[in-house]
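Since the structure comes first, as structure tokens, the remarks are kept for the end.
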Amino acid sequence: MKEYFINLFRYEIWANNIIADSLTGLDNPPEKALSLMSHIINAQEVWLCRITGKTYDMNSVWKTLSKADIKSALNNSSSALTLYLGCLSGNDLEKYIDYTNIKGESFKSLLKDILTHLSFHSAYHRGQVKIRLKTVLNVLPSTHYIIFVRENNSKKKKK
């Protein structure tokens, strides 16, 4: 199951980078699109802090990053998440994580459920970003999982 989540987050990184590249390639990206992409990145960082027991700024989840900071922030959060996933043992996915949400409410969730939520959360907001990009791009970036799989399979065949 660990390999499943590693692959899921490889896709996540791939898809988030496609959207980030589209945003940062624009002279004047829509502010709401930047805000949503920032939220994806910030949420990854917040959840990783919750999972690892580190403190974080509860107001950071909706902080809008500048266009210039999007790619480096995404790379940092993706690297941290990848490193964390690589260090997991199979049993870690079945452990419960105690955390407090931004409203101050306490919860306990399985790590595998948190990781699944994090992936779905990003996909949801990437869709919202793409809606905002419709007004400024002639061709929208495609971030479908099946395209990621096809690209990875063709790379494996070429090796």
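Since the model is a prediction, treat every value here as computed from it, not as a measurement.
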N/O donor-acceptor pair under 3.5 Å between Asn42 side chain and Trp62 backbone: no

Shared hydrophobic cluster for Ile13 and Ile19 (ILVMFWY, side-chain gaps under 4.5 Å): no

Listed partners of Arg50 passing salt bridge (Lys or Arg N to Asp or Glu O under 4.0 Å), at least two apart: none

Contact summary for Gln44 and Ser122, nearest pair of heavy atoms: NE2-OG, 4.5 Å

Residues Ser77 and Glu45: side-chain donor-acceptor under 3.5 angstrom: no

Taking distance alone, no hydrogens or angles, what donor-acceptor pairs closer than 3.5 Å link side-chain atoms of residues 30-41 to residues at least two apart or in another chain?
from: Ser38; atom 1: OG; to: Leu34; atom 2: O; distance (Å): 2.7
from: Ser38; atom 1: OG; to: Leu65; atom 2: N; distance (Å): 2.8
from: His39; atom 1: ND1; to: Val61; atom 2: O; distance (Å): 2.9
from: His39; atom 1: NE2; to: His121; atom 2: NE2; distance (Å): 3.0

Ser79 side-chain N/O to Asn76 backbone N/O, donor-acceptor pair under 3.5 Å: no

Note, Pro29 side chain near Thr24 side chain (heavy atom, < 4.5 Å): no

Criterion side chain to side chain contact (heavy atoms under 4.5 Å, CB included) on Thr82 and Phe9, from CA distance to verdict: CA-CA 7 Å; Thr82 299; Phe9 281 94; 5.7 Å; no

Interatomic distance, Asp113 atom CG to His117 atom NE2 [nearest 0.5 angstrom]: 11.0 Å

Minimum heavy-atom distance Ser60-Asp57, with the two atoms named: OG-O, 2.7 Å

Leu81 with Phe5, same ILVMFWY side-chain cluster at under 4.5 Å: yes

Asn28 CG: over 12 foreign heavy atoms closer than 6.0 Å: no

Exercise: identify the closest heavy-atom pair between Gly86 and Lys2: O-NZ, 2.9 Å

Residues Asp98, Ser106; criterion side chain to side chain contact (heavy atoms under 4.5 Å, CB included); working and verdict: CA-CA 7 Å; Asp98 293 309; Ser106 296; over 6 Å; no

Under 3.5 Å: donor-acceptor pair, side chain of Tyr11, backbone of Thr143: yes

Any side-chain heavy-atom pair of Ile6 and Arg10 under 4.5 Å: yes

Shortest non-hydrogen separation from Tyr56 to Cys49 and the atoms involved: CD2-CB, 3.7 Å

side-chain contact (heavy atoms from CB on, under 4.5 Å) against Glu105, all qualifying residues, sequence neighbours excluded: Asn101, Lys103, Phe107

Residues 129-136, side-chain donor-acceptor partners within the protein, below 3.5 Å, at least two apart:
from: Lys130; atom 1: NZ; to: Pro141; atom 2: O; distance (Å): 2.8
from: Arg132; atom 1: NH1; to: Gln128; atom 2: O; distance (Å): 3.3
from: Thr135; atom 1: OG1; to: Arg132; atom 2: O; distance (Å): 3.0

Verdict with supporting geometry, Asp69 and Ser66, side-chain hydrogen bond (donor to acceptor under 3.5 Å, both in side chains): CA-CA 5 Å; Asp69 291 334; Ser66 70; 3.1 Å; yes

side-chain hydrogen bond (donor to acceptor under 3.5 Å, both in side chains) partners for Asn17, two or more places apart: Lys71

Distance, nearest 0.5 Å, that separates CG of Leu115 from CE of Met1: 10.0 Å

Atom of Ile102, atom of Met58 and distance for their closest heavy-atom approach: CG2-O, 3.5 Å

Co-membership, hydrophobic cluster, residues Leu8 and Ile114, 4.5 Å side-chain: yes

Any Ser89 side-chain heavy atom under 4.5 Å of Asp92 side chain: yes

Path from Trp14 to Ile70 over hydrophobic side-chain contacts below 4.5 Å: no

Worked verdict on Leu111 versus Tyr96 for side chain to side chain contact (heavy atoms under 4.5 Å, CB included): CA-CA 6 Å; Leu111 178 56; Tyr96 280 91; over 6 Å; no

From CA spacing to verdict: side chain to side chain contact (heavy atoms under 4.5 Å, CB included), Leu93, Leu88: CA-CA 8 Å; Leu93 293 166; Leu88 290 177; 3.9 Å; yes

Linked, directly or transitively: Phe148 and Ile146 (ILVMFWY side chains, under 4.5 Å): yes

Salt bridge (Lys or Arg N to Asp or Glu O under 4.0 Å) involving Lys112 - partner list, sequence neighbours excluded: Glu94

Minimal non-hydrogen separation, Ser142 against Ile18, with atom names: O-CD1, 3.8 Å

